[in-house]
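Notes to accompany the following structure.
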Amino acid sequence: MTGAELEKARAEILALRREIDKYNYQYHVMDQPLIVDQLFDHLMRKLQELEKTYPELQDPDSPTRRVGGEALPTFTTLEHRIPMLGLENAFSETELTDFDARVRKLAGNDAVEYFCELKMDGLAVSLQYEHGLFTRGSTRGDGYRGEDITQNLRTIRQIPLRLTEPLDLEVRGEVYINRKDFDILNRQREDQGLPLFANPRNTAAGSLRQLDPRLAAARPLRIFLYGLGEHNLSLTGQSELLVRLEKLRLPVNPNREICLGIEAVWQYCQKWQGNRPKLPYETDGIVVKMNSLELQKQLGSTARSPRWAIAYKYPPEEKMTKILEIQVNVGSTGAITPVALLEPISLSGTSVQRASLHNEDFIAEKEIMIGDTVVVRKAGEIIPEILRVIREKRTGDEEVYMMPRQCPSCRSETVRLSGEAARRCLNPSCPALLVEKLVHFASRRAMDIEGMGPAMAELVYSHGLVHDVGDLFYLEAIQLAELPRVAAKSAEKLIEAIERSKNNPLRRLLFGLGIRLVGEKAARLLAERFITLERLGQAGTEELTALAEIGPKIAESVVSFLHTAETKPVLDKLREAGVNFTEPAVCTATANLAGKTFVFSGSLEQYSRDEAAARVENKGGKVSSSISRNTNYLVVGDEPGSKLARARELDVEIIKESRFKEMIE
DNA sequence: ATCCCTCGAGGTCA
DNA sequence: CTCGAGGGAT
């Protein structure tokens, strides 16, 4: 092969790629096919052949390489350098007006220029481009870290693998599926005898979580981009930003508008609420942002959401159905919760068959009877909720419901402690309660023992292998494999998972023990303060109450748990088995401030400068005494000095003590 | 009074 | 994935 030949091939390949990218864009983003499909396929085949002949000319951003690579064994997580926060919700005009009032107060008194766009009912994702090349993409996750779904995102034809400019940029948007495409997909599945999908949103979510990108490629995923993460574009307004994204050939929703003042926003909301069924995709509301990026920055964010934006949510669909029966569940705290079993109805795209009745006061207040016809809706489009009874529909066959006086599991008497809404089973050896405790102990946020879900917990308990969480650590694979429907392989895996869990930090153990009122937050606080379980055990209520955010109730609950007769044997078993009872001083998993430099100005309420500095360094960050371009955050306390102005000059992010506290915790 | 945590809830898809 | 009631802390 001569050099000239290679050069010729290179030129041809580049031209082909550019051409295909153009047609792709016209077809998938602009919805205006410029050429017939056969011609497009022909070009693709030609490119594929050329790339096969000249492997040295392969390129990861070639249109032939959208579906590449192997199925992943598992997803890895990616950190969002700038958190992907959710939005606060507004459910009425009043709540929008309240939002407007807050914004005007913070930004000055004029009518605010708002940027309104449709809220897509899909999944938020982040796309990273380096020098204009698509390198990484992830889900929103908890807002701070998401899953790396690069391979799947690459299969979405609307996402350019190369931008029209060589920019470093993180764009954020929503992946969704058109209603029509969803119907076609379901018809295909019907033909293939596969189970049908329930709605576009969950299908999109499931598709992005496919480990094999070829499966994701077969789903009709689409995307609209609407925001930025890290970037260095210079822009002044939200609407300008979207135009800029369009120029980069990123797909952007055209149904957007600038509205001057909140009345105009409300009209926009109503207009699109009316037009909702006409849209080719599903929307669940309107996103309202301040258009000025300058003002956005000025208003900043709270821990969970920006102050300069709100999501107006359309009122949820309501339907009538019948209560067939009322069931009671026993929770891991002994709380007995009634649940209504409903005649199945379809609501917001899913089938609804159950709804929580919370407690007996709820039932009494709504005057709910078995057999009643009730109005149901999905709160936030997710959780089924009973709104009210239609009394006119009563036939006289309805039955009054009484919460059971005896625990459905162990028959011991249920009681309602004064001041509590829940009726509880107080029998510490109630089977339902013990199984729930096992499940909680093994759950992901607690000891994270994979394979010990409700079914397995029930199995090992009912076969007498495990009576409390301490017994878990004495299980043997052989015992498990003898249980019905448990294979040798899964038995071994479970034993391994149990073994691994011995190394968990104390906070997970504390949380897992299921001490009343001690959730993740309190468990962590206690673990970090006392370091070992022994030292926590020596603490009295006064010492605990002295801690911020631990009051008398939590303190009492902790002390009584640790000293009650039932606890000791469990802790002995855990200790004997070699379960870790200490909290590691520096947790590398949370060393999330690596490479970040902090500067303080003004006095902090909760920490001395030294303490604050120690916390930052503990997490891998650095503290400096003067502001420079390299400073990542200025933490301002009471009466900040000249550093504040300097930080504004240099565009250093300014955070309050509360935000700082979150970062170091 | 307010903010935020705890706890229990449902449905879908992997 | 997400909500809502209850309740603790301040």
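A, B, ... follow the sequence lines: proteins, then strands. Residue 1 opens every chain. This structure is a prediction, so every number in the text was calculated from the model and none was measured.
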Any A:Gln210 side-chain nitrogen or oxygen under 4.0 Å from OP1 or OP2 of B:dA14: yes
Using whole Å, what does the distance between atom C1' of nucleotide C:dG4 and atom CZ of A:Arg354 come to? 17 Å
Taking only residues two or more places apart in sequence or in another chain, which ones pass side chain to side chain donor-acceptor pair (under 3.5 Å) with A:Arg140? none
Quick one: is A:Ser351 getting a side-chain N or O under 4.0 Å of the B:dG11 phosphate, OP1 or OP2? no
Can you check whether A:Thr337 has a side-chain N or O nearer than 4.0 Å to OP1 or OP2 of B:dG8? no
Checking A:Ser126 now: which residues fulfil side chain to side chain donor-acceptor pair (under 3.5 Å) with it, not counting sequence neighbours? A:Glu170
Rounded to whole angstroms, how far apart are CZ on A:Arg377 and P on B:dA9? 20 Å
If you measure only the distance, is there a donor-acceptor pair under 3.5 Å linking the side chains of A:Glu174 and A:Tyr281? no
Verify the contact: side-chain N or O of A:Arg209 to OP1 or OP2 of B:dC13, cut-off strictly under 4.0 Å; return yes or no. no
Enumerate the residue pairs fulfilling ring pair (Phe, Tyr, Trp, His ring centres under 6.0 Å) with a member in residues 178-219 of chain A, sequence neighbours excluded, ordered by first and then second residue. none
To the nearest angstrom, how far is A:Leu510 atom CG from B:dC5 atom P? 18 Å
By nearest-heavy-atom nucleotide on DNA chain B, the more 5' of A:Gly514 and A:Leu196 is A:Gly514
Give a yes or no answer on whether the side chain of A:Asn199 reaches the backbone of A:Asn202 with a donor-acceptor pair at less than 3.5 Å. yes
Using a cut-off of strictly less than 4.0 Å between a heavy atom of the residue and any atom of DNA chain B, enumerate the qualifying residues of residues 198-205 of chain A by number. A:Ala198, A:Asn202
Just jot down the ring pair (Phe, Tyr, Trp, His ring centres under 6.0 Å) partners of A:Tyr226, sequence neighbours excluded, or say none. none
Could you check whether any side-chain heavy atom of A:Val389 comes within less than 4.5 Å of a side-chain heavy atom of A:Glu367, counting everything from C-beta outward? no
From NZ of A:Lys366 over to P of C:dG4, roughly how many Å is that when rounded to an integer? 12 Å
Considering just the side-chain nitrogens and oxygens of A:Asn329, establish if one lies under 4.0 Å of OP1 or OP2 belonging to B:dG8. no
Rounded off to whole Å, could you give me the CG-to-C1' distance for the A:Asn152 and B:dA14 pair? 12 Å
A:Phe182 atom CZ is separated from B:dC13 atom P, nearest whole Å, by 8 Å
By side-chain contact (heavy atoms from CB on, under 4.5 Å) - contacts of A:Ala340 (at least two apart): A:Ile323, A:Leu342, A:Leu357, A:Ile386
Please list, chain by chain and in numerical order, all residues satisfying side-chain contact (heavy atoms from CB on, under 4.5 Å) with A:Gln406, sequence neighbours excluded. A:Arg411
Distance, rounded to the nearest Å, where A:Ile383 contributes CD1 and B:dG11 contributes P: 9 Å
Suppose the criterion is salt bridge (Lys or Arg N to Asp or Glu O under 4.0 Å): which pairs have a residue in residues 188-202 of chain A, not counting sequence neighbours? A:Asp121-A:Arg201
Within the 4.0 Å heavy-atom criterion, would you say A:Arg219 contacts the bases, only the backbone, or no part of the nucleic acid? sugar-phosphate
I need the full list of side-chain hydrogen bond (donor to acceptor under 3.5 Å, both in side chains) pairs touching residues 433-454 of chain A, with sequence neighbours left out, sorted by first then second residue. A:Arg445-A:Glu520
In whole Å, I'd like the distance from the CZ atom of A:Arg444 to the P atom of B:dA14. 17 Å
Which letters describe nucleotides 5-10 of chain C, given B = protein heavy atom under 4.0 Å from base, S = only from sugar-phosphate, - = neither? SSSSSS
For residues 325-337 of chain A, the side-chain hydrogen bond (donor to acceptor under 3.5 Å, both in side chains) pairs (sequence neighbours left out) are A:Gln327-A:Arg354, A:Thr333-A:Arg424
Report the nucleotide, chosen from B:dT12, B:dA14, B:dT6, that has the shortest atom-to-atom distance to any side-chain atom of A:Ala522. B:dT6
Just to be sure I understand: a Watson-Crick pair is purine N1 to pyrimidine N3 plus N6-O4 or O6-N4, both under 3.5 Å. Using that and G-U wobbles, which stems of three or more pairs involve DNA chain B? B:1-10 with C:1-10
